[in-house]
Amino acid sequence: MAVKTTIDKLLRQKEIPKEDTVYFLAKKEVNHFPITAGNFFQIETADKWQGESWPELFFQTKLKEKEEDLTYQELLETEKKIQLRIREMKEEDPKGYGHMVQLRSLRLVKHSIEDALQELRLYYQSEIEQEMKQVYGICNRKLLVYKNTVCLGSFEDLVYQIPSLKKVELSWICRMPLLLRNIESISSAVRKNIPIGLIGGPCLFGLYEIEIVVQHKDGRHFSYDFSSGRHYDRDGQKTYEFADHVAQNAKKIQSIHFINWKRGVTVQEQESLEVLFDVGSVLGAKVAVTIPDISYVKYLSTVIAPLDDGLKKQALKEFRVEAHIIADMYLSRIEELKCRYPDVEVKVLHERDTEACEKFYAGREAFFQNSGLIHRLTAKREKTDAVFDYISMLALPYYFWGTPQVIQIDNLDETDSYRKCRKVHKDAFSLSAILYPEKLCANGEQTIFNAPLEFKGYT
């Protein structure tokens, strides 16, 4: 069962009055929308995360307007002149012996002006805060930050900075909270007509959709869920994981087979594709879609490494058949979306597109030459290669087209990959995030990814 929360519940838990937050101005449906996430939210002051919420942007815009006041500008200009004169005097006499009295006097004046500017700024801020309280009822501008990486906001925050996004046709994204980061950069790219690339796409499959059946030479069978790696049953029986089973019983294993229970594309998987095309069309952006069969194959290859070569080869061959059947489901939906959005240039990364894979590996090579860095990205060694892929896949628009602005549009589970991708690629390109909560399944208790087959809601 998923642990659900809402913006309203989070604020109550943290004992923060809603009027002290940016969510006082949010729609009720956004504040009440169920979010499935761990206990990784913290309250921050909005000025630390400027550009991520429209109330804070409103505040900062008003502050800049007030700072255009003649008195403020004259003080600012005087401060600059004094700073320039101090610099000139220090260049003429580095030790300052010849200008000691003048320097002391100038510095006193400079400090006095700085104090006056600070007092004016505080006065302006107080005026704006009073205005926001009277007009909007908001007393402060605190917000919720997830994993110290993305800010909890809404579609309104996006539209405030990027008005063209009003043209987005998908109503579902307008009704839910969004986790945002580096939105000002998108706004700047749109204004300056800087090329934009979007990245996202579905996981290959979720829980209960691929069953791994391990047969021992003595006839015993063991079943595991591929996504979780855990014992395959719905009663919550606790056993060791698939990776541990292989490591401990490699000589006893006779065969490994896969049962594909996935019978379609879920609503969330379909929406994860649609949103890329819709936003891509509105922003005139190029779209990179990931179908991560290559990562799943790498993970499986690492886990079954202790097995005999013939057994490994057969297992990988059989898994690829099922993985490609699933990938074809997505490729078919992508072709349909290409017809609906003919103006969007799209490139799909999947194992059978060797050209895309070659560009992917070549593009990321310069950023992942430090093997020590790669191993610090995950504590689970059997998942190192797969995590390596997930982090670098976010840079696909940069690898494919050299787009200086990349936007990750994905679910909130990709928060860590966003943070790590930014860390690895540093200033090579600007990476922004628009992340959405995972969708609940038909029973309202689990996310679709985690739901049993009867609640997946295939389309």
Side-chain angles (χ1 to χ4, degrees), residues 7-8 10-12 14-31 41-80 83 110-146 148-166 174 177-192 432-434:
I7 289 176
D8 279 352
L10 285 165
L11 295 180
R12 287 196 300 271
K14 296 182 181 300
E15 299 182 343
I16 302 293
K18 195 185 294 185
E19 58 268 25
D20 281 350
T21 72
V22 299
Y23 310 110
F24 186 74
L25 304 177
K27 296 177 181 177
K28 282 187 178 180
E29 61 183 338
V30 172
N31 287 337
F41 287 100
Q42 60 192 45
I43 287 284
E44 297 274 5
T45 56
D47 57 357
K48 286 180 63 178
W49 301 85
Q50 290 183 21
E52 315 300 354
S53 70
W54 82 256
E56 179 60 22
L57 276 164
F58 176 87
F59 182 90
Q60 296 298 331
T61 301
K62 287 284 188 181
L63 184 58
K64 286 177 182 177
E65 289 174 1
K66 287 184 176 293
E67 286 176 351
E68 292 301 316
D69 177 81
L70 185 60
T71 302
Y72 188 90
Q73 289 299 316
E74 285 179 347
L75 284 170
L76 202 60
E77 188 61 30
T78 303
E79 182 194 29
K80 290 177 182 177
Q83 186 62 44
K110 179 174 173 290
H111 291 323
S112 177
I113 291 173
E114 287 173 345
D115 290 342
L117 285 168
Q118 178 63 11
E119 285 184 20
L120 273 175
R121 272 193 292 267
L122 291 173
Y123 176 70
Y124 296 152
Q125 289 172 12
S126 176
E127 280 193 325
I128 301 167
E129 286 168 353
Q130 285 300 314
E131 179 184 345
M132 292 186 77
K133 186 174 182 179
Q134 290 172 3
V135 176
Y136 299 108
I138 185 169
C139 300
N140 210 322
R141 305 176 312 285
K142 294 177 181 176
L143 47 71
L144 288 158
V145 178
Y146 183 64
N148 199 35
T149 301
V150 285
C151 301
L152 200 49
S154 68
F155 195 73
E156 284 184 286
D157 295 316
L158 293 175
V159 171
Y160 189 87
Q161 290 194 73
I162 312 161
S164 59
L165 287 178
K166 287 180 181 177
C174 305
L178 298 175
L179 294 111
L180 309 172
R181 183 69 185 271
N182 203 26
I183 304 306
E184 278 185 308
S185 181
I186 306 174
S187 176
S188 176
V190 171
R191 290 195 311 271
K192 298 175 182 177
S432 301
I434 301 174

Quiz item: CD of Q73 to CG of L117: how many Å apart, nearest 0.5 Å?
Solution: 9.5 Å
Quiz item: Any side-chain heavy-atom pair from T21 and N140 closer than 4.5 angstrom?
Solution: no
Exercise. May I have the step-by-step check of side-chain contact (heavy atoms from CB on, under 4.5 Å) for E56 and E52, ending in yes or no?
Key: CA-CA 8 Å; E56 179 60 22; E52 315 300 354; over 6 Å; no
Practice problem: May I ask you to say whether E131 pairs ionically with K62, meaning some side-chain N is under 4.0 Å from a carboxylate O? | Solution: yes
Practice problem: Could you tell me whether E19 and K133 have a side-chain N and a carboxylate O separated by less than 4.0 Å? | Solution: no
Exercise. Decide yes or no for R181 and S432: does some side-chain heavy atom of the first lie under 4.5 Å from some side-chain heavy atom of the second?
Key: no
Exercise. Run the numbers on Y146 and Q42 for side-chain contact (heavy atoms from CB on, under 4.5 Å), then give the verdict.
Key: CA-CA 7 Å; Y146 183 64; Q42 60 192 45; over 6 Å; no
Quiz item: What is the distance from atom CG of L144 to atom CD1 of I16, rounded to the nearest 0.5 Å?
Solution: 8.5 Å
Quiz item: Can L122 and Q125 be said to form a side-chain contact (heavy atoms from CB on, under 4.5 Å), step by step?
Solution: CA-CA 5 Å; L122 291 173; Q125 289 172 12; 3.9 Å; yes
Quiz item: What closest approach, in Å, do L180 and S154 show between heavy atoms, and which atom pair accounts for it?
Solution: CD1-O, 3.9 Å
Practice problem: Using a 4.5 Å cut-off on heavy atoms from C-beta on, say whether the side chain of F41 contacts that of L152. | Solution: yes
Quiz item: Does T61 use its side chain to pair, donor to acceptor, with the backbone of L57 at less than 3.5 Å?
Solution: yes
Quiz prompt | Distance-minimising heavy-atom pair for C174 and V30 | solution = O-CG2, 4.2 Å
Quiz item: At what distance, to the nearest 0.5 angstrom, does OH of Y124 lie from CD of E65?
Solution: 12.5 Å
Quiz item: Hey, mind stepping through T45 and R141 against side-chain contact (heavy atoms from CB on, under 4.5 Å) and telling me if it holds?
Solution: CA-CA 6 Å; T45 56; R141 305 176 312 285; over 6 Å; no
Quiz item: So, S188 side chain and E184 main chain: donor-acceptor pair closer than 3.5 Å or not?
Solution: no
Quiz item: Does anything in residues 112-122 pair up under side-chain hydrogen bond (donor to acceptor under 3.5 Å, both in side chains), and if so which pairs, sequence neighbours excluded?
Solution: Y72-R121, K110-E114, H111-E114, Q118-R121
Quiz prompt | NZ-OG distance between K142 and S53, expressed to the nearest 0.5 angstrom | solution = 14.0 Å
Exercise. Verify the ring-centre separation between Y136 and F58: is it less than 6.0 angstrom?
Key: yes
Quiz item: Would you call L10 and I43 a side-chain contact if the rule is heavy atoms closer than 4.5 Å?
Solution: no
Exercise. Look at atom NZ of K166 and say whether more than 12 heavy atoms of other residues, nucleotides or ligands are closer to it than 6.0 Å.
Key: no
Quiz item: Can you name the closest pair of heavy atoms from W54 and D157 and give their distance?
Solution: N-OD1, 2.6 Å
Exercise. Report yes if the side chains of L120 and L75 come closer than 4.5 Å at any heavy-atom pair, otherwise no.
Key: yes
Self-check item: Which residues share a side-chain contact (heavy atoms from CB on, under 4.5 Å) with N31, sequence neighbours left out
Solution: I7, D8, K18, Y23, A26
Quiz prompt | Y160 and E156 side chains, donor-acceptor separation under 3.5 Å | solution = no
Exercise. Please name the pair of heavy atoms, one in I183 and one in Q161, separated by the smallest distance, quoted to 0.1 Å.
Key: CG2-NE2, 3.6 Å
Quiz prompt | Distance (rounded to the nearest 0.5 Å) between W49 CH2 and L143 CG | solution = 8.5 Å
Quiz item: What is the distance from atom CG of L25 to atom CE of M132, rounded to the nearest 0.5 Å?
Solution: 6.5 Å
